Q: 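Can you keep this structure in mind? I'll have questions shortly.
Numbers restart at 1 for each chain; the letters A, B, ... are given by sequence-line order, proteins then strands. Note that the structure is predicted; figures quoted are calculated from it, not measured.
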Amino acid sequence: MPEQSWHEIVRNVLKRHNVSLVTYVPDNVLRPLIDGVHADPFFTAFACTREEEALGINAGAWMGGTRGILLMQTSGFATLPNVLASLSVPFQIPTLMMVSERGTLGEFNIGQSLVARTMRPVLDALAIEHHTMTRLDEAQFIVDRSITQAVATRAPVCFILSPLLTGGKVFAK
Amino acid sequence: MASLLNHPVSRDQAKVMNRFDITKRLVDLLHQDEAVIGGIGYTNFDLWAASSGPNGRRQQNFYMLGSMGLAVPIALGVALAQPVRKVFALEGDGSILMQLGSLSTVAARAQKNLCVVIMDNGAYQITGGQMTMTGQGADVVGIARASGLAQSAWAADEEAFAELIRLALKEDGPWLIGCRIDAGKPVDTTERDPSRIRDNFMRGLGVKG
């Protein structure tokens, strides 16, 4: 059997944990995962106009009994500190986030490389669990265990998809 | 689609009402199991005040404590998760202006069990009454219609507001009801205990997280 790709692994783990709502602001690296969840009737997947909006939708859905995950890129994460600090964390809502990491390992856009440096300090400042996913053989373990922990401890978690795992976005000359 | 021809489409045609009074009217028209999401500021405080009754406070309310602009997204999420339950979002004009994209998302989802109520006094009341853009020409109902929410109208007066709420309870949405309100002080202040608010709300929805 051929080895599963990162996005197939993620999709399968989400299903196993009954994470059926996928909200996103699109990103090229996330495209195979976005396409995969759109093609699978298990998932309700749609794009939102802002990452904050998507986080609010997922928070409401969770309180209503549906688990969701928010997909975005690094610059999108940078719009979230206020709502993480005033909604997800104090209300104890297990906000699941997956960020495709820009700004490192061959970034060509200076704006992306600067905004990327704010991501981990923000997560650390709010004591939000986060994992940088670099290896295919660890992908399932990280996502599976972290969703279990987020739900059990009612705390957000952020998965950072490194270019080492996804290939990242390459400089188009 | 329900006809809204007898309701005004323009902000100028709507009567300025009292925030607590119409919030109380809304709560009294609910059948008990509808979910209500209160945005921030005085909209939130008056929902808290209007939801207190002889049998305690209604449990199916969620009160934001920050995250300005997210009442509509949170309500959309609840509505997606519980499609049989009617869900109301109460949001101020300053707040909805921060998250106008959420109106197009609600329209794109065609969320049948969702009703957005906008409390519009043209001001950021809680911070000292500075003017918002609705006091300077922006019309939230017009923006909602242009975002794809065809069932959007201004409440001409208290009676028309009640009629629109009854319609939203009975027929498929999504709905958006614009209410012009005064600058009155809220009747009470919401207790700021987020985990308790969340736990109460979830139990009220029959969910235990």
Side-chain angles (χ1 to χ4, degrees), chain A residues 17-26 38 43-70 72 76 79-96 126 147-156, chain B residues 35 37 39-40 60-85 87 89 91 95-96 98-111 113-114 147 192-209:
Chain A
H17 284 270
N18 214 14
V19 178
S20 60
L21 176 65
V22 181
T23 54
Y24 60 88
V25 178
H38 271 289
F43 294 100
T44 300
F46 57 92
C48 295
T49 62
R50 289 179 63 79
E51 293 80 2
E52 282 186 313
E53 182 201 3
L55 187 148
I57 292 169
N58 289 11
W62 185 74
M63 290 191 285
T66 294
R67 292 180 188 175
I69 190 166
L70 161 56
M72 67 202 125
T79 68
L80 291 181
N82 177 49
V83 293
L84 285 168
S86 60
L87 182 63
S88 301
V89 175
F91 284 94
Q92 298 179 295
I93 294 171
T95 296
L96 309 181
L126 291 169
I147 294 176
T148 301
Q149 180 173 333
V151 172
T153 62
R154 298 194 182 90
Chain B
I37 313 299
I40 57 165
Q60 299 86 350
N61 292 358
F62 182 76
Y63 304 91
M64 294 187 342
L65 295 174
S67 64
M68 185 170 177
L70 290 197
V72 173
I74 293 170
L76 174 58
V78 175
L80 276 164
Q82 301 208 350
V84 178
R85 190 186 302 272
V87 183
E91 191 65 295
S95 290
I96 195 65
M98 288 188 84
Q99 208 66 242
L100 288 175
S102 66
L103 298 177
S104 20
T105 307
V106 169
R109 299 300 308 165
Q111 196 64 40
N113 55 331
L114 183 60
S147 302
R192 295 185 177 91
D193 185 343
S195 52
R196 190 168 166 201
I197 290 170
R198 195 256 313 143
D199 189 65
N200 251 327
F201 181 61
M202 290 179 75
R203 287 175 196 273
L205 300 188
V207 179
K208 189 64 200 95

Q: Please report the interatomic distance CD(A:Glu51) to CG(A:Leu84), rounded to the nearest 0.5 Å.
A: 11.5 Å
Q: Under a 4.5 Å heavy-atom cutoff, which of B:Ala108, B:Ala81, B:Ala35, B:Gly66 has the most pairs with chain A?
A: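 Option with the top pair count is B:Ala81.
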Q: What residues form a side chain to side chain donor-acceptor pair (under 3.5 Å) with A:Gln149, not counting sequence neighbours?
A: none
Q: What residue, out of A:Gly56, A:Ala59, A:Ser86, has the most heavy-atom pairs lying under 4.5 Å from chain B?
A: A:Gly56
Q: Below 4.5 Å from any heavy atom of chain A, which atoms of B:Leu70 appear? Answer side chain, backbone, both or neither.
A: side chain
Q: For each of B:Asp199, B:Thr105, B:Asp193, B:Leu80, tally heavy-atom pairs with chain A at distances under 4.5 Å, and name the one with the top tally.
A: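 The residue among B:Asp199, B:Thr105, B:Asp193, B:Leu80 with the greatest pair count is B:Thr105.
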Q: Side chain, backbone, both or neither: which part of A:Thr44 has an atom under 4.5 Å from a heavy atom of chain B?
A: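 The side chain, not the backbone.
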Q: Between B:Arg109 and chain A, with a heavy-atom cut-off of 4.5 Å, which part of the residue counts as in contact: side chain, backbone, both or neither?
A: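 Contact with chain A involves the side chain of B:Arg109 alone.
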Q: Could you tell me which portion of B:Ile197 (side chain, backbone, both or neither) has an atom closer than 4.5 angstrom to a non-hydrogen atom of chain A?
A: side chain
Q: List the steps, then state whether side chain to side chain contact (heavy atoms under 4.5 Å, CB included) holds for B:Ser95 with B:Ile40.
A: CA-CA 8 Å; B:Ser95 290; B:Ile40 57 165; 3.9 Å; yes
Q: Within the side chain of B:Arg198, is there an N or O that forms a donor-acceptor pair under 3.5 Å with the backbone of A:Phe91?
A: yes
Q: Which heavy-atom pair separates A:Ile69 from A:Val19 by the least distance, and what is that distance?
A: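 So the two residues come closest at N-CG1, 3.8 Å.
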Q: If the condition is side chain to side chain donor-acceptor pair (under 3.5 Å), which residues does A:Thr49 pass it with, not counting sequence neighbours?
A: A:Glu53
